[in-house]
Amino acid sequence: MHINKNYQNIAETYLFSEIASRVRKYQEHNPDARIIKMGIGDVTRPLCESAVEAMKKACDEMGTKEGFRGYGPEQGYDFLKTAIRDYYKRTSSVTLDIDEIFISDGAKSDIGNILDIFSDDNVIAVTDPVYPVYVDTNTMAGRRITYLPANADNGFLPMPTDDLEADIIYLCSPNNPTGAAYTKDQLKVWVDFANKRDAVILFDSAYEAFVKDKKVPRSIFAVEGARTCAIEFCSFSKTAGFTGTRCGYTVVPGDLIREGMSLRKMWLRRQTTKFNGVSYPVQCAAAACLSEKGIEEIICNLDYYKYNSEVITSTFDELGWPYTGGKNSPYVWVRCPGGMSSWDFFDALLTKANVVGTPGAGFGQNGEGYLRLTSFNTHGNTMEAMRRIREVF
Ligand code: PLP
């Protein structure tokens with residue numbers, strides 16, 4: 001028996017535990033401090049009414065002889081795939097076949113599981129800073145990883161260089177953690193690069209619903225040529241508050257062929273072998289979010305967060321602090337003032353303003369000197385946090 005020794009190479013995820021420990025210690029010594037948490041990337045608004053009603057109705061159906069359903073299709077029910085297909089058409093003018101859409105319990109699982117269809121000798125390219133899942137899932141398989149520096153010089157949006165060696169390229173736009181988002185022209189350069197090299201882009205569009213800028217595509221498939229080089233991961237988590245309900249989807253276009261194999265067919269085979277689908281009530285709830293009424297309701301929640309982003313960014317504008325994000329994203333990535341390190345600024349914010357952010361250094365070397373704030377708190381807390389920051393700094 002041998003274990004997978006690659007697990008020894010995975011960095012300890014001490015970021016959020018270290019944050020929690022510093023906050024706990026501070027609170028113990030300052031029991032009256034009212035700490036406002038703006039670090040965690042989880043939503044706070046409740047599920048929309050349409051989702052709740054659809055889920056209840058589905059549960060009632062399941063309790064009847066006629067309405068009971070056992071195993072569903074592993075790749076998701078047609079009613080949800082059709083709703084997603086129509087959503088792409090409406091929001092991105094992208095035409096998909098429902099067989100190219102695969103429903104899952106969230107983007108994180110699919111981002112990890114997709115690696116089953118790729119050989120371990122592929123070279124992986126990720127940005128630095130990065131959503132850690134891309135790095136850890138590939139480290140587990142022993143793949144070589146190249147880091148593309150994302151920094152103030154390139155607007156936190158690295159572009160391919162002629163000498164870039166990469167078979168699988170992770171792009172997350174709008175980005176977690178930096179909030180930066182690629183324009184269509186920039187993505188076209190990546191798509192051309194991937195097609196030329198026979199590389200595959202794994203495009204994470206978990207935050208597509210936050211895009212406001214018309215130049216920023218909500219799907220990579222809005223970019224010409226993407227159907228022959230990209231796989232897209234998306235989720236109801238941030239779009240519709242499903243972080244605890246769990247539903248996401250992956251789009252693998254039929255035109256994506258490598259070494260004579262259809263990646264869509266390979267993913268179908270993988271899913272039908274290792275996955276037994278998402279529960280019927282959850283898929284009903286997800287589909288309800290994409291109905292006319294559901295869309296109105298989820299937009300209401302998204303606008304709530306977008307308003308918080310404006311409160312944060314207008315404060316930083318006022319203070320003259322450089323930042324990215326906040327415009328097409330729930331994340332604001334701010335340069336630590338006075339040349340402070342990420343953790344020094346974290347401590348200063350915690351102790352002087354009782355506000356908690358996430359130190360940028362936790363997302364990679366290039367994150368040093370930055371801090372991530374999220375717009376997922378309440379209006380009241382966000383405004384109060386910004387008032388304190390203005391007062392202290
Ligand atoms: N992708 C990115 C960039 C994320 O930030 C997250 C969650 O925070 C996910 C994927 C995971 O999404 P899900 O909840 O659908 O697994």
Side-chain angles (χ1 to χ4, degrees), residues 13 15-16 19 37-45 47 51 76 80 84 87 101-115 126-138 150 156-157 168-182 201-211 216 218-220 230-251 271 275 277-279 282-283 285-286 289-290 298 301-302 305 309 324-326 328-333 357-358 360 362-364 367 372-377:
T13 50
L15 178 64
F16 288 100
I19 292 173
K37 293 185 180 166
M38 298 183 68
I40 311 264
D42 198 357
V43 293
T44 51
R45 306 288 300 156
L47 289 179
L80 178 55
I84 293 169
Y87 178 72
I101 301 167
F102 296 83
I103 310 300
S104 72
D105 65 345
K108 194 185 198 175
S109 323
D110 282 1
I111 288 166
N113 293 336
I114 197 77
L115 296 172
V126 299
T127 61
D128 170 6
V130 64
Y131 176 54
V133 174
Y134 312 149
V135 172
D136 291 351
T137 49
N138 281 292
F156 293 93
L157 296 167
I168 296 175
I169 302 151
Y170 285 83
L171 297 179
C172 176
S173 178
N175 190 269
N176 179 15
T178 68
Y182 282 107
I201 295 174
L202 301 182
F203 191 77
D204 186 340
S205 64
Y207 298 95
E208 58 84 22
F210 291 84
V211 170
V216 172
R218 292 172 65 163
S219 162
I220 193 157
I231 294 176
E232 180 158 290
F233 304 90
C234 199
S235 171
F236 289 92
S237 281
K238 309 298 157 84
T239 307
F242 270 47
T243 51
T245 306
R246 312 302 307 145
C247 194
Y249 49 93
T250 291
V251 178
Q271 287 300 78
F275 183 58
V278 177
S279 78
V282 167
Q283 291 193 59
C289 292
L290 301 183
I298 62 174
N301 280 344
L302 291 164
Y305 300 133
S309 294
T324 53
N328 298 297
S329 158
Y331 298 117
V332 183
W333 181 252
T358 309
F363 298 99
R372 189 192 76 173
L373 290 184
T374 85
S375 64
F376 291 127
N377 216 312

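In listed order, ligands and their atoms are each counted from 1.
When all heavy atoms of C247 and A286 are compared, the pair lying nearest together is SG-CB, 4.0 Å.
A donor atom on one side chain and an acceptor atom on the other are not found under 3.5 Å apart for N113 and S109. Of the N and O atoms on the side chains of Y170 and N138, at least one donor lies less than 3.5 Å from an acceptor on the other residue. Side-chain contact check for Y134 and D204: at least one donor-acceptor pair (N or O, by modelled atom type) lies under 3.5 Å. For Y87 and R218, the side-chain atoms include at least one donor-acceptor pair closer than 3.5 Å. For E232 and S219, the side-chain atoms include at least one donor-acceptor pair closer than 3.5 Å.
Within ligand 1, the atoms closer than 4.0 Å to a non-hydrogen atom of S235 are 13 (P), 15 (O), numbered from 1 in the order shown. The distance from ligand 1 to the heavy atoms of A107 drops below 4.0 Å at these ligand atoms: 10 (C), 12 (O), 13 (P), 15 (O), 16 (O). Near K238, meaning under 4.0 Å from one of its heavy atoms, ligand 1 places the atoms 7 (C), 8 (O). The contact set between ligand 1 and G106, taken as ligand atoms under 4.0 Å from a residue heavy atom, comprises 15 (O), 16 (O).
Residue contacts with ligand 1: S109 is placed with no nitrogen or oxygen under 3.5 Å of a nitrogen or oxygen of the ligand (distance criterion only). Residue D204 has at least one nitrogen or oxygen atom sitting less than 3.5 Å from a nitrogen or oxygen atom of ligand 1, judged on distance alone. Considering backbone and side-chain atoms alike, R246 places an N or O below 3.5 Å from some N or O of ligand 1.
Closest to atom 13 (P) of ligand 1 by heavy atom, among C172, P330, S237, is S237.
With hydrogens and angles ignored, the 3.5 Å screen pairs no side-chain donor or acceptor of S329 with any backbone N or O of G325.
With respect to atom 9 (C) of ligand 1, the closest heavy atom belonging to the protein is Y131 OH, 3.2 Å. With respect to atom 5 (O) of ligand 1, the closest heavy atom belonging to the protein is Y207 OH, 2.6 Å.
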